[in-house]
Amino acid sequence: MALNVPGLVASVLFYVLVLAIGIWASVKSRRDEARTQASHADMALLGDRKISLVVGVFTTTATWVGGTFIIGTAETVYDPKFGLIWAVMPLAATVAFTVGGLFFAEPMRDRKYVTMMDPFQKKYGNVLCGVLSVAPLMSEIVWVTSTLISLGVTMSVILDLSYAVCIWISAAVAVVYTLLGGLYSVAYTDIIQLTLIFITSWLCVPFILMSPASVDITSTSFNHTFQAPWVGSLSAGRAWKWLDIFLLLSIGDLGFQDFHQRTLSASSPATAKLRCYAAAVLIPTFGVPAVLIGAVAASTDWNATSYGLPSPFERREAGMILPLALTHLTPPYISIIGIGAVAAAVMSSTDSALLSSASIFSSNIYKKILRTQASENELRWVIRISVVVFGLAGTSLSFLHAGVMAFWVLGGEIAYILMFPQLVCVLFFSMSNAYGSAAGLAVGVVLRLLCGEPLLAVPPLLRLPGFTLEDGVYVQYSPVRTVCMLLVFVSILACSGLSSLLFNKGLIPERWDVFKVKGRLPEQTEAPAESRSQENPRSVTSCENEAAATEPMLESTC
């Protein structure tokens, strides 16, 4: 197969367009920053909380409709071991944003946090927050890796271009416009990217459905034709595993900084919730073309195509089914259009992950731990350097011999098992403290490693009910990830209550209380500054000043 020159030209034009929009957005960002006198950190990380509702809906939706979302959905539908029933990513995203809008968007935005780690820093202190921050940083880097792999695979198959070249060029473009304009560049490029994803992916559908090498997908949905029915099946023994994956890909998404960065950049709590509800409705529509492509691939006589036999599944190339289907089942110009859909999806997720990781490092680690007196200009460069460093890290990992889903699962498990129960406890359980949080982190890491993971070649040492050996690989059919998540949740609350009791009762010497929980009352949920000032006509600042005075009369008045 020779180099696909028209496809290469189309890809270059797409990258030029995205880069131009990113540069325009960076100029707009600098102008707004000068006009409003906003700090660079607020403008770069949150768009000074002035991203409009429409743009916010675009960027929220585009963040989740990534290359892994599209390619992973098509792969799952095509794989005869799974099928449509197991392609839960579109539906899981709807659940994630619905739950996020109902319970997380308002309290997070109401308190004007900058990142999802701010409540940990406020309640548990800098040291523990710094340790906990490693988990979301890892999940964001892994997300960058999985999205870049999906693009590299697609472009190398359709364009016959070097995998390494595709990866590095794509990563470089995303890094450049992200570090130039921050959230403004990410949000405005997401508009064109999401539009391209929708148009190009749906343009491919009629052509792939009319492929002469494929039969009607309705006839293969429940009948064994070329392989097992693409609808799939769900036996009683695998039901718990299905539920485990669904929860991982739904409420586990609430442990990602990307989700909270979109809600925290909203102009108000109400707008943050509207973004979530809109994304919950829109995201599944982008999964339908991928489902149809996977179904057609499962309904294809591959011997009647230029690909030949054995089939992609038998060659262990199920993870490349979307680019393979576009290459061998559609005209060349349609496969080029398909590249546009995947490239746009990848860029829309990669830039978000880069900015999210830079947000946590610059705001929660550098500014509040390493350099508390850092100047505005210094933070500007820290954010930029962070984007480059995390981009290099994620790009480098893409050259490991692992598939898209392996990295997707790894990033999701970090968010689901380690961060989701931590976030629930710090936001909604006043009894939680630093001892419980540290215990939960340790329990989560140790338990998950003991349970093993076939995708990551980690052998299981802890065998839960349903443990079995299949094709030489040990498989846990219990909901391993959910069990670990629940045990982390229980550990946080149990250890928090126990440590508080032991220190307050004097059963452990106070000098050992490194996190200073003795005598500390459970924190109550704070009302935002605006509502406090409205409830009391006297300003919050004046009240605080009066409380600092020594006269009893003034203290009682305040």
Side-chain angles (χ1 to χ4, degrees), residues 72 76 79 81-82 86 88 92 128 131-132 134-139 141-143 145-146 234-256 397 400-425 429 432 434-499:
T76 306
D79 195 324
K81 295 184 298 183
F82 297 104
W86 293 83
V88 299
L128 185 57
V131 175
L132 290 173
V134 174
L137 285 178
M138 289 177 59
S139 64
I141 292 173
V142 170
W143 195 347
T145 301
S146 66
L234 184 61
S235 62
R238 303 178 73 191
W240 285 111
K241 191 175 182 68
W242 183 94
L243 179 63
D244 197 30
I245 294 173
F246 181 81
L247 292 174
L248 168 72
L249 297 177
S250 55
I251 63 173
D253 286 348
L254 300 174
F256 280 103
L397 287 176
L400 296 177
H401 295 287
V404 173
M405 293 307 295
F407 282 104
W408 180 268
V409 168
L410 176 59
E413 289 195 3
I414 293 173
Y416 180 47
I417 298 173
L418 300 183
M419 293 311 302
F420 174 71
Q422 295 274 5
L423 190 62
V424 170
C425 289
F429 289 85
S432 65
Y435 294 105
S437 178
L441 179 64
V443 168
V445 172
V446 172
L447 275 179
R448 190 61 192 96
L449 290 176
L450 289 177
C451 290
E453 176 52 59
L455 284 174
L456 305 177
V458 177
L461 299 178
L462 181 62
R463 303 182 178 184
L464 300 180
F467 181 85
T468 185
L469 180 65
E470 293 183 358
D471 300 325
V473 178
Y474 289 104
V475 179
Q476 302 259 26
Y477 278 104
S478 295
V480 171
R481 303 171 185 91
T482 302
V483 168
C484 292
M485 185 274 292
L486 291 175
L487 289 175
V488 169
F489 182 75
V490 171
S491 299
I492 294 172
L493 297 183
C495 292
S496 294
L498 180 61
S499 61

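The first residue in the sequence is number 1, and the count goes up from there.
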Between [atom1] of [X] and [atom2] of [Y], what distance do you get to the nearest 0.5 Å?
| X | Y | atom1 | atom2 | result |
| --- | --- | --- | --- | --- |
| R463 | T468 | CZ | OG1 | 10.5 Å |
| F256 | L254 | CZ | CG | 10.5 Å |
| L248 | I417 | CG | CD1 | 7.5 Å |
| K81 | T76 | NZ | OG1 | 11.0 Å |
| I141 | I414 | CD1 | CD1 | 9.5 Å |
| L249 | D244 | CG | CG | 9.5 Å |

For [Y], is there any backbone N or O sitting under 3.5 Å from a side-chain donor or acceptor partner on [X]?
| X | Y | answer |
| --- | --- | --- |
| Q476 | L464 | yes |
| S491 | V443 | no |
| S139 | P136 | yes |

Min side-chain heavy-atom separation [X]-[Y] under 4.5 Å:
| X | Y | result |
| --- | --- | --- |
| F467 | P460 | yes |
| T482 | W240 | no |
| L418 | Q422 | no |
| C484 | C451 | yes |

Please report the shortest heavy-atom distance between [X] and [Y], naming the atom on each side.
| X | Y | answer |
| --- | --- | --- |
| G255 | M419 | O-CB, 3.8 Å |
| F420 | M485 | CD2-SD, 4.1 Å |
| V424 | F429 | O-CD1, 3.8 Å |

(request) Scan V142, L397, T145 and name whichever one has a side chain to side chain contact (heavy atoms under 4.5 Å, CB included) with L410. (result)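 When side chain to side chain contact (heavy atoms under 4.5 Å, CB included) is applied between L410 and each of V142, L397, T145, only V142 qualifies.
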(request) Identify which one of V490, I492, L486 satisfies the side chain to side chain contact (heavy atoms under 4.5 Å, CB included) criterion when paired with V488. (result)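 Result for side chain to side chain contact (heavy atoms under 4.5 Å, CB included) with V488: I492.
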(message) Tell me whether the rings of W86 and F82 are parallel (<30°), tilted (30 to 60°) or perpendicular (>60°).
(response)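 Taking F82 first and then W86, their aromatic rings stand perpendicular (interplane angle over 60°).
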(request) Test I245 against V88 for side chain to side chain contact (heavy atoms under 4.5 Å, CB included), laying out the working first. (result) CA-CA 8 Å; I245 294 173; V88 299; 4.1 Å; yes
(message) Per the salt bridge (Lys or Arg N to Asp or Glu O under 4.0 Å) rule, what does the pair list look like for residues 438-450, sequence neighbours excluded?
(response)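 The answer is E413-R448, R448-E453.
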(message) If you apply the rule side chain to side chain contact (heavy atoms under 4.5 Å, CB included), what do you find for F489 with C425, and how did you get there?
(response) CA-CA 8 Å; F489 182 75; C425 289; 3.6 Å; yes
